[in-house]
Amino acid sequence: MNYWLVKSEPDTYSWDFFVSKGRDIWDGVRNYQARNNLKAMSENDLVFFYHSNKGMEIVGLAKVVKESYQDPTTEDPRWVVVELAPVKKLAEPVSLTKIKTDPNLSDISLLKQSRLSVMPIKPEEFDRIMYLANEV
DNA sequence: GCCAACGTTGGC
DNA sequence: GCCAACGTTGGC
């Protein structure tokens with residue numbers, strides 16, 4: 001079991017919209033590092049859903065329901081998608097500010113590589129974020 | 001709206 | 001293969 005975090009701008013694709021769809025294809029990734037992370041996802045891996053720009057907080061938990069395959073929105077064979085489904089909205093969203101001030105999360109990719117849109121989360125970071133979200 | 005970080009492109 | 005120019009992301 002691996003853990004991940006994906007970013008989305010709530011003005012473009014919010015958590016609530018994702019929930020209303022029930023399950024969706026995660027497309028549009030055009031960055032090699034993010035693409036490699038998509039390829040490394042396995043079914044049932046858990047994925048934090050982060051709102052960038054507006055909100056700037058982790059709002060929900062999703063899971064991988066289908067592993068990576070060719071991105072149907074492009075002919076370019078370099079790009080892939082996965083399919084995700086919502087698991088639950090976090091009891092308490094975990095803000096970027098809170099993550100920044102938590103010494104247990106000082107090494108998280110969200111802070112280290114601020115522009116990456118799909119990133120791995122370590123098990124201990126996953127547990128810590130769930131704790132901060134009142135999900136323990 | 002600004003700017004830092006960083007990825008991509010293209011000239012040499 | 002280097003690097004300047006440029007575009008994009010995302011926090012502030």
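Bear in mind that the values here come from a model prediction, so they are computed numbers and not experimental data. Every chain is numbered from 1, with letters handed out A, B, ... down the list of sequences.
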Between [N] atom [atom2] and [X] atom [atom1], what is the distance in whole Å?
X	N	atom1	atom2	result
A:Leu96	C:dG11	CG	P	6 Å
A:Gln33	C:dT9	CD	C1'	14 Å
A:Lys7	C:dG11	NZ	C1'	9 Å
A:Leu111	C:dT9	CG	C1'	16 Å
A:Asp11	C:dG11	CG	C1'	15 Å
A:Tyr50	C:dT9	OH	P	15 Å
A:Asn31	C:dG7	CG	C1'	14 Å
A:Arg115	B:dG7	CZ	P	7 Å

Where do A:Arg30 and A:Asp71 land on the salt bridge (charged side-chain N to carboxylate O under 4.0 Å, His left out) test, with the steps shown first? CA-CA 10 Å; A:Arg30 295 292 182 269; A:Asp71 188 335; 2.9 Å; yes

Compute the ring centroids of A:Trp4 and A:Phe49, then answer whether they are less than 6.0 Å apart. no

Strictly by side chain to side chain donor-acceptor pair (under 3.5 Å), give each pair with a member in residues 89-99 of chain A just once, sequence neighbours left out.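 Of all non-adjacent pairs touching residues 89-99 of chain A, none passes side chain to side chain donor-acceptor pair (under 3.5 Å).
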
Which pair of heavy atoms, one from A:Ile121 and one from A:Phe126, lies closest together, and at what distance?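 Closest pair (atom of A:Ile121, atom of A:Phe126, distance): CG2-N, 3.6 Å.
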
Axis-to-axis angle across the helix from B:dG1-C:dC12 to B:dC12-C:dG1, five pairs an end, to 10 degrees?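 The helix from B:dG1-C:dC12 to B:dC12-C:dG1 shows an end-to-end axis angle of 10°.
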
Proximal nucleotide (of C:dG11, B:dG7, C:dG10) relative to the A:Met56 side chain: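 Among the listed nucleotides, the one closest to the side chain of A:Met56 is C:dG11.
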
How would you list, by chain and number, every residue that makes a side-chain contact (heavy atoms from CB on, under 4.5 Å) with A:Pro72, sequence neighbours excluded?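 For A:Pro72 the side-chain contact (heavy atoms from CB on, under 4.5 Å) partners, ignoring immediate neighbours, are A:Ile25, A:Tyr69, A:Val81.
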
Step by step, work out the ring pair (Phe, Tyr, Trp, His ring centres under 6.0 Å) result for A:Phe48 and A:Tyr3. CA-CA 8 Å; A:Phe48 283 127; A:Tyr3 303 101; 7.9 Å; no

